[in-house]
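The chains referred to below are lettered A, B, ... by the order of the sequence lines, with proteins before strands, and numbering in each begins at 1.
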Amino acid sequence: MEPGTCNLEPSTMNESYDYAAIEKKWQRNWAQAREFEVQEDSNRPKYYLLEMLPYPSGALHIGHVRNYSLGDSIARFKRMQGFNVLHSIGWDAFGLPAENAAIQHKIPPERWTLDNIETMKKQCLRMGWSYDWNREIMTCLPEYYRWNQWFFLQMFKQGLAYRRKGTVNWCEQCQTVLANEQVENGLCWRDKSLVVEKELEQWCFRITQYNEQLLQDLDQLEGWPEKVKSMQRNWIGKSVGARVTFPLEDDPGVGIDIFTTRLDTIYGATFVVLAPEHEWVRGWTDDPEHGEELSRFLEEVRQQGRDVRTAEETEKKGVFTGRYAINPYTQERIPVWIANFVLMEYGTGAIMAVPAHDERDFAFAKKYDLDIRPVIQSEDRSPSSDLDQAFVDYGVLVNSEPFSGLSSQEAQKKMVQHAQAEGFGEESVSYRLRDWSISRQRYWGTPIPMVYCQKCGVVPVPEEDLPVLLPQVESIQLGQSPLATIPEFLNTSCPQCQGEARRETDTMDTFVDSSWYFYRYTDNQIDSSPVRDEAVRYWFPVDMYIGGVEHAILHLIYMRFFTKVMRDLGLVGFDEPVKGLFTQGMVLKGGVKMSKSRGNVVSPDTVVEGYGADALRLFVQFAAPADRELDWSDQGLEGCSRFLNRLWRMLYRLREEMSQGDSADSISQEELSKRGRALRRKLHQTIGKLTHDLERFRQNTAIAAIMELLNSVYEYVDQEDHPQPSLLEEVLKTMALLLSPFAPHFAEEMWESLGQKEHLTFAPWPQFDPELAREEGIKIVIQVNGKVRSRFSALPGISKEEMETLALEDEKTKAFIEGKPIRKVIVVPQKLVNIVV
RNA sequence: GCCCGGGUGGCGGAAUUGGCAGACGCACAGGACUUAAAAUCCUGUGAGGGUUUCCCUCGUGAGGGUUCGAGUCCCUCCCCGGGCACCA
């Protein structure tokens, strides 16, 4: 049997549209014909369409349905346009909910996960999404996660994976560490519970080594929404400034390094502030005069906790350390303070305070009665501020010999040069981005392939011993690092000395899994390397990636980082993996997010049972622009279902006439009536609109255009005395093609009922003919003083002169220009005449 | 505070480059079919008004501007959503 031609049940048209039977039939046909399976084929242009892989939480929700339906319409459209389309799916299968389920229901996380995947896969099949299921991946399988471990080892070798002891974000609810990206306003991104600080030893990926590239390469991403790029720029948070050393007065050998973006204000620096965690502060607490107060303050700050401390409302507090530093520009002696608003992890953990030109410094100086000295005047030389607020803009320097009179910008350059020449400072760049902490004190994740040996220390597991298998468990206990309780896992021998050793018991952040899964879709079998070179070469870059904007600074930055690491490992030959990105809007119900706790969740299963997958697919794409929020509406869904039924009725009504029609040749323009030509025109306008709309993710207007076309068919059939069967056949066949990206089951059935043998999947997308789409008579609008007063019809190609003459002769128009002098006549060719009186 | 979006009928939303505002769908109303209802088909549906097959006035968050002409461009402001934020 030829592929693409097997029909299990030939179409026998019923009066009513039996979506359940039809959808089932075509899902089976597609599976048997293996239609969506693809191979690399250098003779055909490829298109890699990717959607963010789902977490197998138990069931698909409407958000998934929207995401994957939008993607599927593009995949099917591109296939029909002749592209070799890679469209796969997988499961982000590691993660905490599986462990929570294990704790609650006493089922092994693996079984819970695999069961969920099975359920959700069935749901995917029922939606009719065109995936190549051979390429499916599950990140919890050793075939997959061994490569996470392999990447870890490569990164360890390169110094990109390292162990760090430090303050971490700890989520009590999850009993694990979170990366900075995973903390939102002090709350855990997953369960919104409060994140606390904890001192722990953690494995980190040195993403900061790539901060400049991650920033620069955003400019390559022309197909990404500006919003996402600006979010990433914000997150990376580059600021260019200078590092300057302020020597200590009583210990000139040492100096306090500060970072500033406003070197031009340094003549106004009246004190220096250190972060409470600054390395020198500890040594100063035994100072007889200030030590006690210092210690008390350090304790206070420590108790405040990071997120209280970094909240803007928090009062700025500090204490004097008793020390003085020397401003290297003025040689002036200024006091050294510590304060809660200076953070150790940004810049150098120390600042110069310029109260006259910085709001925080100003407030602080007022509170503790410190000097405020203006050194910047606004450009227009208006008298500088009267000291009730800081002047933070750029301006002209004053009181800054020898730099006085320079603009802020000029001064910054000259002052850096000066510092460099004198050896007390240099240009410096700070980033907000922190390294990615990937250790998770959880069970259901990729084991980190490291071993601790008493003799040899921290030793990597040799590559040939991968994967380090995650041991099977029956259930999980809360409140401990689960792997540490499994002796068979924990105890091992040292790869170097064969002596007694124990394994690392933390697992990897699941964002590691999703950082490179889309490479594995191009070859999920290869077991000698994470990726196969030729496959990556053929399929990459991803042409279009569709997902939610909530991953803008999580997954979407990690994945870019991973690609750069892979490039430097020689695995891939490009900087950026994803050419086009589309972020779809959320699905709401009654204006709020769907959630179990609100009880406003719509189940895709229920909808599919009641209306069919095609109606659901249509609704989620029709009801709102793809990038905006979509408010669920039962009535809107009904409307889409009605449209399919209406189309079906027309097909049924015409089925007899159509089979009599001479389908060999399409009827010529000359043989058609005026109404017939109008219908064909509408058809071609629709083809043009759909082609255009699908390229630009305008599924909503594309579907509206098909609805309009159907309305035109109804109009034609009702009004024409002798409707042309061959024209109707032409229109309906084309309509099946146009509909197939959105409602593929319906379209296939329609196509078959019109006598077609081949499946629609690879049927060529209809050709747009601008000649046929052009209006026969064009309507010219007549305006008087910019207001529409009349219209007349004319033949295309009418000259400007003719238009003007006709407009001025128009009876209705005359009434408006009567007795008034004509000042000007504007003629827009083929469109409008505006008479100004 | 800074940076992105957005504000159009009763509702979701349309509107190449500045050129007929409100496509399409929902909801509503009327009609046809029916014993009746549902379903379906047809018609109407921004607001106000008039001499009511037709016509006028107003109308895209507010105010101003550019233009023959502005939902669209410019300025000022208001509101809603999102991101970043004691980041030096």
Side-chain angles (χ1 to χ4, degrees), chain A residues 16 184-185 225-239 241-242 258-262 265 273 275 309-316 339-343 345-354 357-361 363-364 392 430-432 549-550 552-553 585-586 618-619 622-625 627-640 642-643 645-646 649 689 692 698 700-711 714-715 718 779-791 812 815 823-828 830-837:
Chain A
S16 73
E184 296 167 348
N185 301 318
E226 219 26 74
K227 182 192 167 82
V228 173
K229 289 193 275 188
S230 92
M231 281 166 77
Q232 293 210 354
R233 276 190 200 103
N234 268 335
W235 188 256
I236 295 167
K238 178 181 183 176
S239 48
I258 61 100
F259 173 75
T260 179
T261 55
R262 289 301 302 274
T265 65
V273 191
R309 184 173 148 198
T310 55
E312 199 172 0
E313 314 83 69
T314 304
E315 197 193 352
K316 292 162 188 49
N340 58 352
F341 71 89
V342 177
L343 306 174
E345 60 268 30
Y346 187 78
T348 57
I351 62 162
M352 65 173 193
V354 186
H357 304 293
D358 180 282
E359 273 160 30
R360 286 157 308 164
D361 298 350
F364 197 82
V392 298
S430 281
Y431 298 87
R432 221 184 67 97
V549 75
E550 64 274 14
I553 50 170
M586 275 197 311
L618 277 177
F619 173 72
F622 172 69
D627 57 352
R628 272 201 254 164
E629 287 176 344
L630 168 100
D631 207 351
W632 181 266
S633 151
D634 291 334
Q635 281 154 345
L637 169 71
E638 199 121 15
C640 289
R642 253 197 307 253
F643 160 69
N645 279 292
R646 189 167 145 86
R649 276 193 301 276
K689 181 159 179 57
H692 185 246
R698 308 280 287 260
N700 56 329
T701 52
I703 293 168
I706 306 176
M707 289 173 170
E708 276 186 65
L709 180 58
L710 177 61
N711 291 344
Y714 267 82
E715 203 180 299
D718 286 343
K779 207 160 48 172
I780 308 287
V781 173
I782 308 176
Q783 294 183 336
V784 178
N785 289 342
K787 282 185 183 162
V788 181
R789 294 302 182 183
S790 183
R791 29 184 88 81
K812 268 188 270 173
R823 295 227 318 260
K824 199 173 173 186
V825 178
I826 291 120
V827 180
V828 181
Q830 318 291 311
K831 251 185 192 159
L832 127 172
V833 182
N834 188 10
I835 303 160
V836 187
V837 295

| field | P spacing across the pair U67(B) / U53(B), given as an integer number of angstrom | value | 41 Å
| Given C86(B), U40(B), G13(B), which nucleotide is nearest the side-chain atoms of R628(A)? | G13(B)
| query | Contact class for V342(A) vs. all strands (heavy atom < 4.0 Å): base, sugar-phosphate, or nothing? | reply | base
| message | In whole Å, I'd like the distance from the CZ atom of R789(A) to the P atom of C55(B). | response | 11 Å
| field | Side-chain donor/acceptor of R360(A) to backbone N/O of V342(A), under 3.5 Å | value | no
| request: Pick base, sugar-phosphate or nothing for Y431(A), based on heavy-atom distances below 4.0 Å to the nucleic acid. | output: nothing
| note | For S430(A) and Y346(A), the nearest pair of non-hydrogen atoms, with its separation, is CB-OH, 3.5 Å
| query | Rounding to the closest angstrom, what is the interatomic distance between G82(B) and C87(B) at atom P? | reply | 22 Å
| query | Closest heavy-atom contact between N700(A) and A624(A)? | reply | CB-O, 3.7 Å
| Set of side-chain hydrogen bond (donor to acceptor under 3.5 Å, both in side chains) partners for E708(A), sequence neighbours left out | K682(A)
| request: Specify the glycosidic conformation (syn or anti) of G63(B), with syn defined as within 90° of 0. | output: anti
| query | Just how far, in rounded Å, is C1' of C87(B) from OH of Y346(A)? | reply | 5 Å
| note | Q232(A) atom CD is separated from C84(B) atom C1', nearest whole Å, by 13 Å
| said: Suppose you measure atom C1' in A88(B) against the same atom in U76(B); what distance do you get, rounded to whole Å? | reply: 33 Å
| task | Let me see the working for D361(A) and K316(A) under side chain to side chain contact (heavy atoms under 4.5 Å, CB included), right down to the final yes or no. | result | CA-CA 9 Å; D361(A) 298 350; K316(A) 292 162 188 49; over 6 Å; no
| query | Using the P atom in both, what is the distance from A21(B) to U60(B), to the nearest Å? | reply | 12 Å
| remark: K238(A) NZ to C2(B) P, in whole Å, measures 23 Å
| query | Using a cut-off of 4.0 Å on non-hydrogen atoms, how would the nucleic acid contact of E359(A) be classed: base, sugar-phosphate, or nothing? | reply | nothing
| task | Check the distance between U43(B)'s C1' and Y714(A)'s OH and give it to me in whole angstrom. | result | 16 Å
| U66(B): syn or anti, with syn meaning chi within 90° of zero? | anti
| C41(B) OP1/OP2 closer than 4.0 Å to side-chain N/O of R649(A) | yes
| note | Rounded to whole Å, CE of M586(A) lies from C1' of G81(B) at a distance of 9 Å
| When you measure from the side chain of R360(A), which nucleotide among C84(B), C68(B), C87(B) comes out closest? | C87(B)
| said: Taking only the C1' atom of each, what is the distance from G9(B) to C84(B) in whole angstrom? | reply: 37 Å
| message | Is the distance between the ring centroids of F364(A) and F341(A) under 6.0 Å? | response | yes
| query | Could you give the CG-to-P distance, from D718(A) to C33(B), as a whole number of Å? | reply | 16 Å
| Atom of L630(A), atom of A623(A) and distance for their closest heavy-atom approach | CD1-CB, 3.3 Å
| message | I'd like the P distance from C4(B) over to C77(B), given in whole Å. | response | 15 Å
| request: Determine the Euclidean distance between corresponding P atoms of G59(B) and A70(B); express it in Å to zero decimal places. | output: 11 Å
| Which one, G83(B), G13(B), C87(B), comes nearest to the side chain of M231(A)? | G83(B)
| OP1, OP2 of C68(B) versus side-chain N and O of K824(A): anything below 4.0 Å? | yes
| request: Could you tell me which non-hydrogen atom of R262(A) sits nearest to which non-hydrogen atom of V392(A), and how far apart they are? | output: NH1-O, 2.9 Å
| query | Do the side-chain N and O atoms of N785(A) and R823(A) include a donor-acceptor pair separated by under 3.5 angstrom? | reply | no
| task | Let me have a per-nucleotide readout for nucleotides 16-26 of chain B, 5' to 3', with B, S or -, counting only protein heavy atoms under 4.0 Å. | result | ---BB--BBSS
| said: Between N340(A) and E315(A) (side chain of the first, backbone of the second, donor and acceptor by atom type, cut-off under 3.5 Å), is there such a pair? | reply: yes
| said: Does P225(A) reach a base, just sugar-phosphate, or nothing at all? Heavy atoms under 4.0 Å. | reply: nothing
| query | What integer number of Å spans the C1' atoms of C74(B) and G25(B)? | reply | 36 Å
| message | For V836(A) and G349(A), find the nucleotide of RNA chain B closest to each by heavy atoms; which residue's nucleotide sits nearer the 5' end? | response | V836(A)
| field | For A552(A) against M231(A), the heavy-atom pair lying closest together | value | CB-CE, 3.5 Å
| query | Of all heavy-atom pairs between H357(A) and T265(A), which one has the smallest distance, and what is that distance? | reply | CB-CG2, 4.0 Å
| request: Would you kindly give the CD1-to-P distance between I782(A) and C55(B), to the nearest whole Å? | output: 13 Å
| How would you label the contact of R823(A) with the nucleic acid (heavy atoms, under 4.0 Å): base, sugar-phosphate, or nothing? | nothing
| remark: Of C87(B), C56(B), G13(B), the nucleotide closest to the side chain of L343(A) is C87(B)
| query | Dot-bracket, RNA chain B: Watson-Crick or G-U, under 3.5 angstrom, [ ] crossing, | other strand? | reply | (((((((..(((......[....))).(((((.......))))).(((((...)))))..(((((..]....))))))))))))....
| remark: When I553(A) and P625(A) are each assigned the nearest nucleotide of RNA chain B, the 5'-most assignment goes to P625(A)
